[in-house]
Amino acid sequence: MAAGKEIRGKIKSVENTKKITKAMEMVAASKMRKAQERMRAARPYSDKVRNIAANLGQANPEYTHPFMRGNDAKATGFIVVTTDKGLCGGMNTNVLRALTVKLREAEATGHKVQAVAIGNKGLGFLNRVGVPVVSHLTQMGDKPHLEKMIGPVKVLLDAYAAGKVKTVQLCYTRFVNTMRQEAVVEQLLPLAKLEADHGHRDWDYIYEPDAQTVIDDLLVRYVEALVYQAVAENMASEQSARMVAMKSATDNAGSVISELKLVYNKTRQAAITKELSEIVAGAAAV
């Protein structure tokens with residue numbers, strides 16, 4: 001019964017793994033609901049800041065913020081948002097694959113690349129492929145904190161404002177629903193021309209201290225809101241992907257246990273049959 005003992009050990013091992021994956025599935029489901037609530041709560045703020053920025057931009061067309069202007073720099077910046085931990089299916093793989101395509105396109109045009117990494121998985125990938133990381137943020141926990149993101153992201157924003165970077169791309173995973181998340185690489189800077197709210201197009205603003213200061217601060221807040229929203233979307237996607245991955249692992253563990261039990265029973269029956277045959281053969285010989 002050496003084979004039977006080995007199979008029992010494998011069954012026990014898979015059962016222990018199943019308990020762990022089931023617990024992780026339940027934890028991810030709990031965190032997923034909170035992450036989705038934070039993501040949805042951040043959307044109205046982003047929309048409102050966008051409308052204000054659009055209205056102010058049209059109300060004072062003689063001043064153009066650096067974020068709205070292009071330049072001729074031979075460099076491209078990337079803000080890469082990934083998770084700190086794994087066990088969330090192919091989520092990080094998909095966004096890093098999309099990033100790789102953009103990196104090759106930038107290098108093909110002769111552009112140098114630099115990146116800001118938000119998340120440990122993206123940081124490790126960028127270091128492996130040799131992309132210069134100008135700043136990074138890891139160990140964010142389960143809740144995004146804007147004050148922690150401002151510093152790392154500002155390095156790349158300042159480089160763009162100084163004309164050292166031609167475009168800034170934002171890479172993250174957008175939350176669609178619990179079962180579907182999609183990798184996104186979209187242009188963050190220069191900002192696309194914003195369309196103002198038609199109902200308030202004729203507003204006349206009084207600026208304090210002046211229009212340039214107000215628009216400068218507002219557009220910086222707008223870009224920060226876009227990055228915050230991307231991180232919130234990524235965290236909601238992470239917990240959803242992890243819950244689905246752990247559920248799949250739990251189901252697979254159950255299937256493996258069933259198969260191992262079937263093999264164990266067959267092995268046990270074969271051993272019993274062999275022993276009975278030997279007993280009968282011995283009795284017949286006597």
Side-chain angles (χ1 to χ4, degrees), residues 30-57 65-68 77-85 88 91-92 95 99 114-123 126 133-162 165 167-176 181 183-192 194 213-242:
S30 176
K31 291 182 178 180
M32 179 190 67
R33 287 188 288 270
K34 296 178 182 178
Q36 290 181 12
E37 290 173 1
R38 283 192 294 267
M39 175 198 67
R40 295 189 178 99
R43 285 176 177 172
Y45 174 80
S46 299
D47 293 340
K48 192 64 177 179
V49 172
R50 177 189 176 281
N51 288 335
I52 295 174
N55 287 324
L56 283 179
H65 190 274
F67 288 174
M68 304 290 287
F78 293 90
I79 299 175
V80 184
V81 183
T82 56
T83 67
D84 284 321
K85 301 175 183 178
C88 51
M91 173 183 158
N92 288 320
V95 72
L99 170 63
Q114 53 184 287
V116 172
I118 300 179
N120 194 48
K121 294 298 181 179
L123 176 61
L126 293 170
V133 179
V134 295
S135 61
H136 67 273
L137 173 64
T138 58
Q139 305 303 323
M140 292 179 291
D142 298 325
K143 184 178 180 180
H145 297 279
L146 182 59
E147 62 274 12
K148 293 182 180 179
M149 286 183 270
I150 290 175
V153 172
K154 192 174 185 298
V155 176
L156 206 53
L157 300 184
D158 290 345
Y160 179 85
V165 176
T167 62
V168 176
Q169 305 286 333
L170 180 60
C171 313
Y172 66 100
T173 302
R174 176 182 295 150
F175 179 85
V176 180
Q181 304 84 37
V184 176
V185 181
E186 59 187 19
Q187 179 174 300
L188 182 63
L189 296 177
L191 292 172
L194 303 176
T213 302
V214 173
I215 294 176
D216 285 350
D217 289 346
L218 181 65
L219 287 185
V220 170
R221 297 292 179 271
Y222 175 55
V223 172
E224 291 173 353
L226 292 179
V227 176
Y228 178 88
Q229 184 66 34
V231 174
E233 297 262 356
N234 198 81
M235 287 186 171
S237 299
E238 174 188 2
Q239 300 303 335
S240 298
R242 181 169 291 121

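What you are looking at is a predicted structure, and each value in this text was computed from that prediction instead of being measured. These numbers come from the heavy atoms of this one structure, side chains and all, not from hydrogens, waters or symmetry mates.
Contact record, V165 with G77: CG1-N, 3.4 Å, taken as the closest heavy-atom pair. Closest non-hydrogen pair, A35 versus A236, comes out as CB-CA, 3.7 Å. For the residue pair P66 and Y160, the shortest heavy atom distance occurs at O-CE2, 3.3 Å. The two residues I118 and M140 have their closest heavy-atom pair at CG2-SD, 3.4 Å. Closest approach of P152 to S135, counting heavy atoms only: O-OG, 2.7 Å. The two residues G119 and T138 make their nearest non-hydrogen contact at C-CG2, 3.9 Å.
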Criterion side chain to side chain contact (heavy atoms under 4.5 Å, CB included) on K121 and K85, from CA distance to verdict: CA-CA 7 Å; K121 294 298 181 179; K85 301 175 183 178; 5.7 Å; no
Criterion side chain to side chain contact (heavy atoms under 4.5 Å, CB included) on V80 and V133, from CA distance to verdict: CA-CA 10 Å; V80 184; V133 179; over 6 Å; no
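You'll find the side chain of V153 stays beyond 4.5 Å of the side chain of E224, heavy atoms only. For the pair T167 and P190, the minimum side-chain heavy-atom distance is below 4.5 Å. Side-chain contact between Q239 and F175 is absent, with no heavy-atom pair separated by less than 4.5 Å. For the pair V116/V168, no side-chain contact is recorded, criterion being any heavy-atom separation below 4.5 Å from C-beta on. Residues E238 and M32 fail the side-chain proximity criterion, which asks for heavy atoms closer than 4.5 Å. Using a 4.5 Å heavy-atom threshold, the side chains of N234 and Q181 count as separate.
The CG atom of D216 sits 8.5 Å away from the CZ atom of F67 when rounded to the nearest 0.5 Å. For the atom pair L219 CG and D217 CG, the distance stands at 9.5 Å (nearest 0.5 Å). Taking CD1 of I79 as the reference point, atom CG of L137 lies at 11.5 Å (rounded to 0.5 Å). Taking OH from Y228 and CZ from R221, the interatomic distance works out to 15.0 Å, rounded to the nearest 0.5 Å. Rounded to the nearest 0.5 angstrom, M235 CE and S240 OG are separated by 13.5 Å. Here Q229 contributes atom CD and R40 contributes atom CZ; the two are 11.0 Å apart, rounded to the nearest 0.5 Å.
Applying the side chain to side chain contact (heavy atoms under 4.5 Å, CB included) rule to E186 yields the partners L170, Y172, R174, V184; only residues at least two apart in sequence or on another chain are considered.
Side-chain atoms of T83 and N92 form a donor-acceptor pair, as typed in the model, at a separation below 3.5 Å.
Screening R242, K34, K31 for a salt bridge (charged side-chain N to carboxylate O under 4.0 Å, His left out) involving D142 leaves a single residue, K31.
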